[in-house]
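Scroll down for the structure; my scribbles are underneath it.
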Amino acid sequence: MPASPSGPVTSRTRSWWGWGYTDAHPDDAECVALGALLPGTLGRPLPVPRVTDLSIGRPGVTPPTALAHLATTDPGVRAAHAMGKAYRDVIRALCGRPGRIPDLVARPTDDREVADLLDWAGGRGVAVIPFGGGSSVVGGVEYRGDAHRAVLSLDLTSMDRVLEVDTVSRSALIQSGALGPVLEAQLRPHGLTLRHFPQSFEFSTLGGWLATRAGGHYATGRTHIDDFVQSLSVVTPAGTGTSWRLPASGAGPSPDRLFLGSEGALGVITEAWMRLQERPCHKASASVAFADFQQALEAVRAIARSDLSPANCRLLDPGEALLSGASHDGSSVLVLGFESATSPVDGRLASAMDLALAHGGRSAHVERGGHSGRGGTPAADGGAPADTAVSAWRSAFLRMPYLRDGLARMGAVVETFETAATWDRVPALIDAVRTEVGAAATKATRHPATVNCRLTHVYPDGAAPYFTVAVAGRPGDEVRIWDDIKAAASEVLHRYRATITHHHAVGRDHRPGYDLQRPAPFALALRAAKDALDPQSILNPGVLID
């Protein structure tokens, strides 16, 4: 049955240069306080950049009359579509060098308009950069190079409707431009949820999640958006196709898998049938402290190998726990959360706690709650007191990207990267990253660096460590330092055969590591697919394959 097209409307202003909403950015005083945490940062913050200070040239191309109503040349809109939200992007904007600003931003409303825009761009040599919420942290939504006469940013957020809900099969047909809150608001009247809540939930779209094989908040079970896909509709320069909607199939290579993770280089995902779930009403969570990080790793491995399937199983090392306010005594902290739409979860939480305590954990705080009032909160522990480790972590999780931008204004270099490896390599990998990436950051800046780690997702056979590197930079040299840190991190990951990315995508920043990771025959097949589907090479040039 059709679903209502109406979603939540906010009057808050999105930042063109930094994360999230402008009214949530740290003010100057908070930036100074953040800078005091890192020796060597600036005495006062860099000013907030203004679009009016940028040098934005006239568009190098004009759309035909039939498509003109879909496109804008507004300088502010163009600047906001010039890049994503990586540290590299933020510091370039702060320095007034945001990179190649697109000539046009187009907002199609259906598949036919997407196809028409691709046809026009292909005939004019215009690069097309598919754009959802713009939250990419890997250079996935910007144009680099000069091989095309002009650049069109294809903003899909006008295609944001839940078109149909099948309550019998518990699935929905959803347009790819729906931002997380818009999507969930349309599913809520049906008592259903997609249950995919990445940290960027407010500022990213279904199409972006699909095109980047995004990971959600939940630590076990269905952790990636791939797990929810029934079928995809994709518009390519070579034509439009829709896969059959099926619960499963063994009919040859999956057509959906070709486009999941393709990052807009092979086609534009416009619609998807997605598997849904009933909204959870039973929730419980707890935090467990560990004096020994290695024991904490063993505890997490034991829980991951059980059949308990926690929604949250997030391990914070001492630095991460301190930064989030979850611990102040040098302990590592394990945040556990369970939820269910059908039955109480207290027993599963108790069993997970037993495993954690048997591996040296101590002094847990247990929280129980019903439905979360947010509806799309990245936590499995609603209704908790604000002074608990679980709640402190949850608040820090949502606030952290804003604090990164505040540190950037103080001249700090802040890099986050994530990976995944099998359990036999995880402990040594974490130690190597802490030691070698920390040393590289210190060598590049001559300042002491902080390297923190947390586990974001866990599996029976491995885990996904997520690292945060922070160090005072040198004015005007921040991007080069960031590149050096990225290169050092990529080398360690490759040496330990850990993936270049677990859930942040490849984009342009991870291309060197991705080129080393993928098998050579697969690279040939990907190149052939690119040539067949995008013969003019206009779709997101430089992403995944040259």
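No side-chain N or O of Asp461 forms a donor-acceptor pair with one of Thr422 less than 3.5 Å apart. Judged purely by distance below 3.5 Å, without hydrogens or angles, the side chains of Thr419 and Tyr466 never pair a donor atom with an acceptor atom. Side chains of Trp209 and Ser204: a donor-acceptor N/O pair is present below 3.5 angstrom, by distance only. Defined by atom type and a distance below 3.5 Å, a donor-acceptor pair is present between the side-chain atoms of Arg314 and His217. There is a side-chain donor-acceptor pair under 3.5 Å between Ser340 and Thr342. Side-chain atoms of Ser324 and Arg454 form no donor-acceptor pair, as typed in the model, at a separation below 3.5 Å. At a cut-off of 3.5 Å, with distance as the only test, a side-chain donor of Thr501 or Glu418 sits close to an acceptor on the other residue.
Using cut-offs of 30° and 60° on the angle between ring planes, the pair His502 and His457 is tilted. Aromatic ring orientation, Trp19 versus Phe203: perpendicular (interplanar angle above 60°, classes split at 30° and 60°).
Within the model, atoms CD of Glu202 and CZ of Arg14 stand 9.0 Å from one another, a figure rounded to the nearest 0.5 Å.
None of Leu154, Ile129, Val268 except one satisfies the side chain to side chain contact (heavy atoms under 4.5 Å, CB included) rule with Leu539; the exception is Val268. Exactly one residue among Gln277, Glu278, Glu184 makes a side chain to side chain donor-acceptor pair (under 3.5 Å) with Thr193. That residue is Glu184.
Under a 3.5 Å cut-off, the side chain of Lys530 and the backbone N or O of Ala265 do form a donor-acceptor pair.
Atom CZ of Arg213 is surrounded by 12 or fewer heavy atoms from other residues, nucleotides or ligands within 6.0 Å.
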Trace of the side chain to side chain donor-acceptor pair (under 3.5 Å) decision for Gln517 with Thr499
CA-CA 7 Å; Gln517 179 176 329; Thr499 182; 3.2 Å; yes
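Judged by a 6.0 Å distance limit and a 45° cone about the ring axis, Arg195 is positioned over the six-membered ring of Tyr218.
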